[in-house]
*Asks:* 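Okay, handing you the structure first.
Just so you know, ligand 1 is whichever comes first in the structure, and atom 1 is the first atom listed for that ligand.
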Amino acid sequence: MAWDRVLAEIAAAVSPHRGEGTVADYIPALAAVDPMKFGLAIALGNGDMHCLGDADECFSIQSISKVFTLSMALRNVGERLWERVGREPSGSAFNSIVQLESERGKPRNPLINAGAIVVTDHLVDQVGPDAMIAELIERLRRLSGDSSVHIDQAVAESEARAGSRNRALAHFMQSFGNLHNPVEETLAAYFSHCAIAMTCRQLARAALFLAFDGCDPTSGERMVTGESCRRVNAVMMSCGHYDNSGDFAYRIGLPGKSGVGGGILVVAPRRGSIAVWSPGLNQAGTSTVGSIALETLVRATGWSVFI
Ligand code: GLU
């Protein structure tokens with residue numbers, strides 16, 4: 001692949017759109033981020049990395065962390081996970097409560113807030129909130145080969161302060177018996193993993209196992225079974241971008257996950273993983289410029305899973 005040409009095409013495509021979209025403003029720490037930022041990193045199975053722009057600047061990965069907690073839960077809990085959370089697209093906003101009432105406290109999928117809270121609750125069940133977060137951070141540091149991956153405590157604290165909606169979701173699920181730990185314990189872990197700060201380079205590198213059947217291709221370490229890996233990718237393809245998931249699959253054709261910090265992680269099976277970051281979001285909460293970059297990348301590389 002002529003990577004210099006691919007990166008140049010992406011840079012040219014995003015340039016007229018830089019700054020577009022609306023930066024998340026539900027907490028001050030996210031509202032303060034410069035909307036002109038743009039970074040991209042492509043990690044390949046042979047260890048090569050191709051980067052553009054602000055690829056080495058930390059941002060709040062937010063809901064992208066849900067991909068890593070889902071992988072951990074499938075590894076630690078297994079298929080039992082699906083008794084408490086579904087795997088259908090929600091067609092609703094990431095923090096919606098409406099379906100939870102008619103579906104008796106079982107969230108639609110693990111990538112919306114309610115579903116991710118249940119996944120976190122499962123993990124907290126096993127070792128408690130502190131050890132669960134420590135295990136997640138240790139895993140991300142190992143996978144990214146970078147010990148600087150950390151939780152932005154200011155973001156975690158603001159998430160907790162502004163967390164009424166997530167508390168409502170958690171209490172509602174608890175009333176249906178679908179939360180096993182005290183709401184504040186599970187949410188402390190949830191807010192912490194949403195507040196993880198990573199760079200595009202670290203994130204693309206950390207997700208490489210999802211492109212290689214669950215095995216990190218550079219270290220050879222198995223992170224999840226091949227079957228679990230395919231399941232995580234399937235859920236990302238159908239549910240990874242809020243009520244924008246169908247449009248994302250149509251335009252980009254790769255499994256992925258957006259976060260309201262402006263990051264998007266996508267997986268190109270057997271090829272590599274890509275992280276892009278640009279803070280301006282579309283109405284559904286997916287990075288506007290990030291989506292343009294990925295659309296261009298897929299066109300230039302032919303990496304859609306549908307080809
Ligand atoms: N921490 C955010 C919340 O729970 C995550 C939102 C997102 O990135 O989708 O509201």
*Asks:* Side chain to side chain contact (heavy atoms under 4.5 Å, CB included) between Val232 and Phe209: does it pass, once the steps are laid out?
*Replies:* CA-CA 11 Å; Val232 173; Phe209 71 97; over 6 Å; no
*Asks:* Under 4.0 Å from any heavy atom of Tyr190, which atoms of ligand 1 are there?
*Replies:*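 Those of ligand 1 that fall under 4.0 Å from Tyr190 are 3 (C), 4 (O).
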*Asks:* Identify, with sequence neighbours excluded, every residue that meets ring-ring contact (aromatic ring centres under 6.0 Å, His included) alongside Phe248.
*Replies:*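 Per chain and number, Phe248 pairs via ring-ring contact (aromatic ring centres under 6.0 Å, His included) with His241.
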*Asks:* Can you tell which part of Arg165 has a heavy atom less than 4.0 Å from ligand 1: side chain, backbone, both or neither?
*Replies:*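 The answer is neither.
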*Asks:* So for ligand 1, is Asn166 a polar contact partner (N or O within less than 3.5 Å, distance only)?
*Replies:*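 Looking only at distances, the answer is yes, because the N/O contact criterion of under 3.5 Å is met.
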*Asks:* Judged by modelled atom types alone, do Thr218 and Arg205 share a side-chain donor-acceptor pair under 3.5 Å?
*Replies:*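 Yes.
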*Asks:* Within a distance under 4.0 Å of any heavy atom of Cys194, pick out the atoms of ligand 1 and give their elements.
*Replies:*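 In order of number, 1 (N).
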*Asks:* Which bit of Ser63 is near ligand 1, meaning a heavy atom under 4.0 Å away: side chain, backbone, both or neither?
*Replies:*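 The answer is both.
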*Asks:* Between Asn113 and ligand 1, which part of the residue brings a heavy atom under 4.0 Å of the ligand: side chain, backbone, both or neither?
*Replies:*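 Near ligand 1, Asn113 shows its side chain, while the N, CA, C and O stay back.
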*Asks:* By the definition side chain to side chain contact (heavy atoms under 4.5 Å, CB included), identify the one residue from Val289, Leu7, Val14 that meets it with Leu40.
*Replies:*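 For Leu40, the side chain to side chain contact (heavy atoms under 4.5 Å, CB included) test succeeds with only one of Val289, Leu7, Val14, which is Leu7.
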*Asks:* For ligand 1, which atoms, with element, lie under 4.0 Å from some heavy atom of Tyr26?
*Replies:*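 Numbered from 1, ligand 1 contributes 1 (N), 2 (C).
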*Asks:* For Tyr242, run the side chain to side chain contact (heavy atoms under 4.5 Å, CB included) check against Val260, Leu111, Asn113, Ile112 and tell me which one passes.
*Replies:*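 Going through Val260, Leu111, Asn113, Ile112 one by one, the side chain to side chain contact (heavy atoms under 4.5 Å, CB included) with Tyr242 is satisfied by Val260 alone.
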*Asks:* Between Ser96 and Arg165, what is the shortest heavy-atom contact and its length?
*Replies:*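 Nearest pair, atom of Ser96 first, then Arg165: CA-NH1, 4.3 Å.
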*Asks:* When you check the side-chain N and O atoms of Asp146 and Ser144, is any donor under 3.5 Å from an acceptor?
*Replies:*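 On atom types as modelled, these side chains do not qualify, holding no pair under 3.5 Å.
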*Asks:* For the 3.5 Å polar cut-off, considering only N or O atoms, please tell me whether Lys66 and ligand 1 meet it.
*Replies:*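 So ligand 1 has no N or O lying under 3.5 Å from an N or O of Lys66.
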*Asks:* If you measure every N/O of Val260 against every N/O of ligand 1, is any gap under 3.5 Å?
*Replies:*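 Yes, since at least one N or O of Val260 sits under 3.5 Å from an N or O of ligand 1.
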*Asks:* Please work out whether the ring planes of Phe59 and Trp277 are parallel, tilted or perpendicular, with thresholds of 30° and 60°.
*Replies:*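 Judged by the thresholds at 30° and 60°, the geometry between Phe59 and Trp277 is parallel.
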*Asks:* Could you list which atoms of ligand 1 come closer than 4.0 Å to a heavy atom of Gln62?
*Replies:*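 Those atoms are 1 (N), 2 (C), 5 (C), 8 (O).
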*Asks:* Any idea which part of Tyr242 is under 4.0 Å from ligand 1, heavy-atom wise: side chain, backbone, both or neither?
*Replies:*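 It is the side chain that touches ligand 1; the backbone stays farther off.
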*Asks:* Any idea which atoms of ligand 1 are less than 4.0 Å away from a heavy-atom of Gly259?
*Replies:*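 This gives 8 (O) as the contact atoms.
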